[in-house]
Amino acid sequence: MGCCSGRCTLIFICTFQLMVALERQVFDFLGYQWAPILANFFHIIVVILGLFGTIQYRPRYIVVYAVWTALWVAWNVFLICFYLEVGGLTKDGDLLTFNISAHHSWWSEHGPGCVRREVPPSGGRTADTHSYVSVAGCLLEYQYIEVLHSGIQILLSLLGFVYACYVVSAITEEEDSFHFIGGFDPFPIYHVNEKPSHLLLKPMYQPA
């Protein structure tokens, strides 16, 4: 009963994790955030693996998922430090785009309440000039939206890690108890002593 309850909870957590990861992947694609895109891709694969292992009673897959959740927590802690500019990191850097482009988070220009305006450069517009983007009126700065995303990921990962360990322990105990009582062993522990067939067919001696 406990294993079933834990499995159902872990299935729900993995499903919710998958939905949140897909949502985050979409917005990271829109912002050309290549490092988070790769991290999200691996995260989605491992969550699907953990979900499959939970449904099919595969503890090894669940262990892989549990190990990944610990790494995923570390990655999201790094993102929080990055966007809050902790430890010498700066959110205006090109670290998450691998220095391929100067794009930033999609939420920096499309956050709630943000008004985006393109300001043409002074001196006339030519084919080589680029217009500047002015963003104003945001109800919530984009770095706090990214921090909120990472915080949700950390919370789900911690819950997933705890329940993954519980489910693996429960499945292992069930397997041990199953093997202890014999399982599908064709030679059970307790054998019934039966008389040989030739003794049953031997006629009984009756004295005269």
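Below, all heavy atoms of this structure are taken into account, side chains as well, without hydrogens, waters or symmetry copies. Positions are given from 1, in the same order as the sequence printed here.
- Taken from SG in Cys8 to OH in Tyr163, the straight-line distance is 11.0 Å, to the nearest 0.5 Å.
- Residues Glu23 and His149 form a side-chain contact, since some pair of their non-hydrogen atoms from C-beta on lies under 4.5 Å apart.
- Pairing each heavy atom of Ser150 with each of Leu79, the nearest pair is OG-CB, 3.6 Å.
- Checking side-chain atoms of Glu146 against main-chain N and O of Tyr144 turns up no donor-acceptor pair under 3.5 Å.
- Atoms CD1 and CG, on Ile45 and Asn40 in that order, are 11.5 Å from each other to the nearest 0.5 Å.
- Note on ring orientation: taking the six-membered ring where Trp is involved, the planes of Phe29 and Trp34 are perpendicular (angle over 60°, cut-offs 30° and 60°).
- Between Phe82 and the options Val147, Leu95, Val77, a side chain to side chain contact (heavy atoms under 4.5 Å, CB included) holds for only Leu95.
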Could you go through Tyr65 and Leu49, starting from their C-alpha distance and side-chain angles, then the distance that decides it, and tell me whether this counts as side-chain contact (heavy atoms from CB on, under 4.5 Å)?
CA-CA 7 Å; Tyr65 165 79; Leu49 186 67; over 6 Å; no
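- Taking the six-membered ring for Trp and thresholds of 30 and 60 degrees, His110 and Trp106 have nearly parallel ring planes, at less than 30 degrees apart.
- Minimum heavy-atom separation, Leu156 to Ile13: O-CG2, 3.8 Å.
- A cation-pi arrangement, defined by a distance under 6.0 Å to the six-membered ring centre and an angle within 45 degrees of its axis, is absent between Arg7 and Phe12.
- Between Ile152 atom CD1 and Ser157 atom OG the span is 11.5 Å, to the nearest 0.5 Å.
- Between Phe41 and Leu38 the shortest side-chain heavy-atom distance does not fall below 4.5 Å.
- Considering CG of Leu140 and CD1 of Ile145, their distance stands at 4.5 Å, rounded to 0.5 Å.
- Contact record, Cys14 with Leu51: CB-CD1, 3.8 Å, taken as the closest heavy-atom pair.
- When all heavy atoms are compared, the tightest approach of Leu139 to Gly113 is CG-CA, 4.1 Å.
- Checked by atom type and distance alone, the side chain of Thr69 pairs as donor or acceptor with a backbone atom of Ala66 at under 3.5 Å.
- Among all heavy-atom pairs drawn from Asn76 and Ile154, the shortest one is CB-CG1, 3.6 Å.
- Note on ring orientation: taking the six-membered ring where Trp is involved, the planes of Tyr142 and Tyr83 are perpendicular (angle over 60°, cut-offs 30° and 60°).
- A distance below 6.0 Å separates the ring centres of Phe78 and Trp75.
- Clustering ILVMFWY residues whenever any of their side-chain heavy atoms sit less than 4.5 angstrom apart, transitively, puts Val46 in the very cluster that holds Leu158.
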Could you walk me through whether Leu159 and Leu10 satisfy the side-chain contact (heavy atoms from CB on, under 4.5 Å) test, starting with their C-alpha distance in whole Å, then the side-chain angles of each, then the deciding distance to 0.1 Å, before giving a yes or no?
CA-CA 8 Å; Leu159 290 174; Leu10 185 57; over 6 Å; no
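- Interatomic distance, Ile80 CD1 to Gln153 CD, rounded to the nearest 0.5 Å: 10.5 Å.
- Under a 3.5 Å cut-off, the side chain of Gln25 and the backbone N or O of Ile37 do form a donor-acceptor pair.
- The cluster map of Ile, Leu, Val, Met, Phe, Trp and Tyr, joined by side-chain heavy atoms under 4.5 Å apart, puts Ile44 and Ile55 in different clusters.
- Every residue two or more places apart in sequence or in another chain that forms a ring pair (Phe, Tyr, Trp, His ring centres under 6.0 Å) with Tyr61 is listed here: Phe52.
- To the nearest 0.5 angstrom, His43 atom NE2 is 11.5 Å from Leu71 atom CG.
- Between Leu96 and Asp28, every side-chain heavy-atom pair lies at or beyond the 4.5 Å cut-off.
- The salt bridge (charged side-chain N to carboxylate O under 4.0 Å, His left out) test applied to Glu141 returns no partner, not counting sequence neighbours.
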